[in-house]
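Inspection log for the structure reproduced underneath, given as structure tokens.
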2 protein chains.
Amino acid sequence: MQSDQIKQHNHENCVTTALTQAAQLCTERGVQLTAIRQQVLELIWADHHAVKAYDLLERIKPLQSAAKPATIYRALDFLREQGFIHRVESLNAFIGCCDLKTTHEQLLLICKQCENVEERHADLVMQALSQELQNANFLVHSKAIEIHGICGHCTQEKNTVVSA
Amino acid sequence: MQSDQIKQHNHENCVTTALTQAAQLCTERGVQLTAIRQQVLELIWADHHAVKAYDLLERIKPLQSAAKPATIYRALDFLREQGFIHRVESLNAFIGCCDLKTTHEQLLLICKQCENVEERHADLVMQALSQELQNANFLVHSKAIEIHGICGHCTQEKNTVVSA
DNA sequence: CTTATAGTTGTTACAATATAACATATCACA
DNA sequence: TGTGATATGTTATATTGTAACAACTATAAG
């Protein structure tokens, strides 16, 4: 409902771009973007919400009537390995990665109200974080940085107050 | 095994401090640190690893033979509400909070090898993050910042290299 | 004291999330 | 066209977490 107002972007672009880039990267890497994998990726990109594995399972059944949990989890594993999606740890859910070209470890802003998940590079945060980890002599394998709250669009809806 | 070497601190202090402070805060707040809740908190503080709910269930059974999943999850809910423990989202597990006095949202460094979880304030990171969130006009409710990798102690064990 | 009430725990059942293991099918290239 | 690697089908089960309602306990007001 209110999430429609948030889509001030042409979401078709997101989907098309994501799928095109994924297909291209798979070719480059010599891995297979099979029908199932592509369908799962498309379903994840249906909107900017995080999607749960069993929801994906329900949604893919019209296309893949034999689909079982393993079907979905395997596709998700593949898509994650290839860096096409993120797992949102604090939601047990998955979102499409907006930026297949550059880095992968980003800030996720998760709106409790419209449920949209926004990915941000947040270079300064990442820089400070790298420094901190270096100080700690900690060798990073992966990062999960997930912030829950209310996004700008949703606060504006209620308050009609725009801060700077 | 190797985690023993990491304990270059007297862990008794951690436990005692945590339990004493928790008891005191409960009194101040007029909430009850019941036997079950205290036992769960103690079990969580057994070491600096994140503990899973069903492991806690097994461990508490000698003390509370009637314990069921709900027993544990209720205690965990209470301890979290009071800020005595953190949930580690990316592990579906729980750790004791080292700092009951000040802020709560800290950096968690999770070692894949010794499985210790270190909590860090990382003020500069948090500062940069606050700025980023303000820029995004995002109203924070909670943060999960979890870094997986190899901790300083474990890398030293292998390499005998100490960086600065 | 005693009794009302909020808070806590007991108990059963089940929902939601995820993986293991092995059989079968398909792809991609020699 | 056969062969090894990759992907999928299938069954079963492990793991994590909640719902709902009954029974008990602490506490504090009368």
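Order of the sequence lines sets the chain letters (A, B, ...), proteins ahead of strands, with each chain counted from 1.
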B:Arg37 vs C:dT9: side-chain N/O to OP1/OP2 distance below 4.0 Å: yes
Think B:Tyr73 has a side-chain N or O under 4.0 angstrom from the OP1 or OP2 of D:dG17? yes
Whole angstroms only, please: what is the [atom1]-[atom2] distance between [X] and [N]?
X       : N      : atom1 : atom2 : value
A:Asp55 : C:dA16 : CG    : C1'   : 10 Å
B:Leu79 : C:dT8  : CG    : C1'   : 14 Å
A:Lys68 : D:dT10 : NZ    : C1'   : 6 Å
B:Gln64 : C:dG10 : CD    : C1'   : 11 Å
A:Lys52 : D:dT16 : NZ    : P     : 15 Å
A:Leu33 : C:dC27 : CG    : P     : 14 Å

Tell me whether B:Tyr54 and D:dT15 count as stacked here, given that the ring centres must be under 5.5 Å apart and the planes must differ by less than 30 degrees. no
Is the base of C:dG7 touched by the side chain of B:Arg74 through a donor-acceptor pair closer than 3.5 angstrom? no
Evaluate A:His153 against A:Asn116 for side chain to side chain donor-acceptor pair (under 3.5 Å), listing each step before the verdict. CA-CA 10 Å; A:His153 298 102; A:Asn116 273 15; over 6 Å; no
Which residue lies toward the 5' end of DNA chain D, B:Asp77 or B:Gln32, if each is placed at its nearest nucleotide? B:Asp77
